[in-house]
Engineer: 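Structure below; questions to follow.
In this text, all values refer to a predicted model and were calculated from it rather than measured experimentally.
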Amino acid sequence: MRTRGPINESAGVAGTHPQLQRYRREPPAKAGFRPPSYAQARTRTADWYVEWMATGAMLLAVIAMFTISSAMLTNWKIHYLTTGGNFYEKLHPATYFTFLGFFLLLVRSNGPIGTLDRMFSESKLLLVYLLCWLALLVQMFVLDRPFTVIFDTFLLPVVLCLVIWQLTPSQRRPLVWAVHLTIILNVVLGYYEYFSGHRLIPLTLGDIVVLGEWRSSALLGHPLTASGLVAAYIMALVLRPALCPPAVLRLPLIAFCLGSLMAFGGRTALVTVLAVIGLFAGVEALRLLRGKRAPLSAAIVAICVLFVAGAGIFAAFDLGIFDKMLLRFSSDKGSTLARYATFNLLSHFDWYELILGPNPVRVNALQSQLGLNYGIEDFWISCIVQFAIIHTALLTIGLVCFFIEVIHRSSGAVWAVILLIVVIAASSVSFSSKNIQLSQFVMLISLLLPRERRSLAAPARLAARGIYRPIPA
């Protein structure tokens, strides 16, 4: 007989409901529980080992992504960006490790077809992005252009997400620690290069060595790449305190990373992260004025931190630490003129070239004539010049679908990083050239800003397992 009655939530399964009491008294075999067979146990054990092997491959991918740059590969005489070399030299080491992790997940007991079906059934918009990427790949083959450019730049981020989203929280934990440690290592090396004047790896653009550059690049290869990633990391720490819960550690870490932006010299990243922090501080101040409660100890610590930070900023300004960065705003060595020339570049092509794609030889000649030897400093204009308007539109649609899936699986703090990505794309060469910068941002978002899983209450957990079904009133 089924009776109505309240469930003692504090007692869990040992509550007063008759159905729960019967499940507690009966052994698992009589309650419908069947222990796994020997073959099933071996299959699960094999899957567990394969998943941890994939985790190890992804750990190597994280380390390679944040420590091995294109400049380092060029310094090692590997033809990653330079002409010549073999095919396997044209792909980044992180790409090999990521695809290794992806293929390891495909050999689990579900089989490749079942695993792929599960991956894309949970992320259907990724199929749209892959179709747009496939159209771009066909164009590269038809026009007889190097197709490895779009592998590292546009295919690697999707494969990264497909692998990371299949890992459990315990399997992601080593990857999260690897992201923290590698970024902090780059921040420390950035300070060292800035104050010592010694660059660990020569700054190169292709096979051209750039001399007279004071901005640090650390192991990330380029000052703008380093400043963008450090800015995204700062936003993650500010907007998601769970990454480093003790405030006594998180606040000094934020200040330490924020000061490194002066060493890396990225104006866009610095202004964006200061604007986000200022907006966040303003919202919190408004909440406090509207009656939000705050611990007295937290208020005292915040006031002390503000005074110490203010004194530190004035002391650093007096010592001339910020002089080089401030000169970037007053005299940018032609960077603003290069951006004006970027917008003027499209006027030199007719509509037939813009729709189908201009001749690369003519593009290189116009870039040299307009003083754009270091690249076209706008993602969409550079894509139009390389891939034409049609494929640029397709690629933009695919990227929008891709980031919708990323946002759906991330916490609210991801919007600040998305804003930074858009600003960087609109103001620099960024993802329009062969690099892994987009993959680095995606890796940081997927590991540091996942959507928090809500824990179910006791009756909801039991209902999910089929043990308890609430009786309708």
Engineer: Going through the checks in order, is the side-chain contact (heavy atoms from CB on, under 4.5 Å) test met by F379 and L395?
Structural biologist: CA-CA 11 Å; F379 169 73; L395 183 60; 4.2 Å; yes
Engineer: Between H92 and D152, which heavy-atom pair has the shortest distance, and what is it?
Structural biologist: N-OD2, 3.0 Å
Engineer: Quick one: do F97 and I63 satisfy side-chain contact (heavy atoms from CB on, under 4.5 Å)? Show the steps, please.
Structural biologist: CA-CA 10 Å; F97 292 128; I63 296 174; over 6 Å; no
Engineer: What distance do I407 atom CD1 and I445 atom CD1 have between them, rounded to the nearest 0.5 Å?
Structural biologist: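 It comes to 8.0 Å.
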Engineer: Under a 3.5 Å threshold, yes or no: a donor from one side chain and an acceptor from the other, between R409 and S123?
Structural biologist: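 Yes.
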Engineer: Let me confirm one number: the OG-CZ distance from S433 to F431, rounded to the nearest 0.5 Å.
Structural biologist: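 Reported value, rounded in 0.5 Å steps: 10.0 Å.
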Engineer: Under 4.5 Å between any side-chain heavy atoms of F256 and V188, yes or no?
Structural biologist: yes
Engineer: So do the side chains of I183 and L444 get within less than 4.5 Å of each other, counting heavy atoms only?
Structural biologist: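 They are in side-chain contact.
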Engineer: Between CD of E284 and CZ of R287, what distance do you get to the nearest 0.5 Å?
Structural biologist: 5.0 Å
Engineer: Side chains of F280 and M235: does their closest heavy-atom pair fall under 4.5 Å?
Structural biologist: no
Engineer: Inspect the surroundings of OH in Y49 and state if more than 12 heavy atoms from other residues, nucleotides or ligands are less than 6.0 Å away.
Structural biologist: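 Counting other residues, nucleotides and ligands, OH of Y49 stays at 12 neighbours or fewer.
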Engineer: Say you draw a straight line from CG of L59 to CH2 of W52; how long is it, rounded to the nearest 0.5 Å?
Structural biologist: 10.0 Å
Engineer: Keeping the roles fixed (side chain from E193, backbone from S216), state whether a donor-acceptor pair exists under 3.5 Å.
Structural biologist: no
Engineer: Going by heavy atoms in the side chains, are L261 and S227 under 4.5 Å from each other?
Structural biologist: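 Heavy-atom side-chain distance check passes, below 4.5 Å.
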Engineer: With no hydrogens and no angle check, is any side-chain donor or acceptor of S446 less than 3.5 Å from a backbone partner on M443?
Structural biologist: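 The answer is no, because no donor-acceptor pair under 3.5 Å joins these two groups.
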Engineer: Can you tell me if NE2 on H408 sees more than 12 non-hydrogen neighbours from other groups inside 6.0 Å?
Structural biologist: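 No.
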Engineer: Would you say that C244 contacts I254 through its side chain, given a criterion of any heavy-atom pair below 4.5 Å between the two side chains?
Structural biologist: no
Engineer: Do you know which two heavy atoms are closest between L420 and A269, and how far apart they sit?
Structural biologist: CD1-CA, 4.2 Å
Engineer: Between R250 and V238 (side chain of the first, backbone of the second, donor and acceptor by atom type, cut-off under 3.5 Å), is there such a pair?
Structural biologist: no
Engineer: Decide yes or no on side-chain contact (heavy atoms from CB on, under 4.5 Å) for I390 and Q139, but give the supporting numbers first.
Structural biologist: CA-CA 11 Å; I390 297 177; Q139 186 203 33; over 6 Å; no
Engineer: Tell me the closest heavy-atom pair linking S260 and Y191, and the distance in Å.
Structural biologist: N-OH, 3.0 Å
Engineer: Provide the closest heavy-atom pair for M58 versus L160 in the form atom of the first, atom of the second, distance.
Structural biologist: CE-CD2, 3.5 Å
Engineer: Hey, is the main chain of T225 close enough, under 3.5 Å, to the side chain of Q437 for a donor-acceptor pair?
Structural biologist: no
Engineer: Taking all atoms of both residues into account, what is the closest heavy-atom pair of V187 and C257, and its distance?
Structural biologist: CG2-SG, 4.2 Å
Engineer: Is it true that the side chains of H180 and Y233 contain a donor and an acceptor less than 3.5 Å apart?
Structural biologist: yes
Engineer: Side chains of L274 and L258, heavy atoms from C-beta outward: is any pair under 4.5 Å?
Structural biologist: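 A side-chain contact exists here, since the closest heavy-atom pair is under 4.5 Å.
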Engineer: Would you kindly check if the NZ (Lys) or CZ (Arg) of K90 is within the cone defined by 45 degrees around the ring axis of F151 and under 6.0 Å from the six-membered ring centre?
Structural biologist: no
Engineer: Report the distance from atom CG of L200 to atom OG of S217, rounding to the nearest 0.5 Å.
Structural biologist: 7.5 Å
Engineer: Mind telling me whether F103 and F99 have parallel, tilted or perpendicular rings, with 30° and 60° as the class edges?
Structural biologist: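 The arrangement is tilted - the two ring planes meet at 30° to 60°.
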Engineer: Does atom CE of M53 have more than 12 heavy-atom neighbours from other groups under 6.0 Å away?
Structural biologist: no
Engineer: Nearest 0.5 Å, what's the NZ-OG1 distance between K77 and T82?
Structural biologist: 9.5 Å
Engineer: May I ask you to test the L60-Y96 pair for a side-chain heavy-atom distance under 4.5 Å?
Structural biologist: no
Engineer: Report the C-alpha separation of I150 and L155 in whole Å, then their side-chain angles, then the decisive distance to 0.1 Å, and conclude whether the side-chain contact (heavy atoms from CB on, under 4.5 Å) test is met.
Structural biologist: CA-CA 7 Å; I150 62 175; L155 183 62; over 6 Å; no
Engineer: Quickly, which of E122, Q171, E51 forms a side-chain contact (heavy atoms from CB on, under 4.5 Å) with Q166? Name it, please.
Structural biologist: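 That would be E122.
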Engineer: Taking the side chain as every heavy atom from C-beta outward, state whether F66 and L229 have any pair of such atoms under 4.5 Å apart.
Structural biologist: yes
Engineer: Keeping R108 on the side-chain end and L105 on the backbone end, is there a donor-acceptor pair under 3.5 Å?
Structural biologist: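 Between the backbone of L105 and the side chain of R108 there is a qualifying donor-acceptor contact (under 3.5 Å).
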Engineer: Considering all heavy atoms of both residues, which atom of P223 and which atom of L203 are nearest to each other, and what is their separation?
Structural biologist: CD-CD1, 4.0 Å
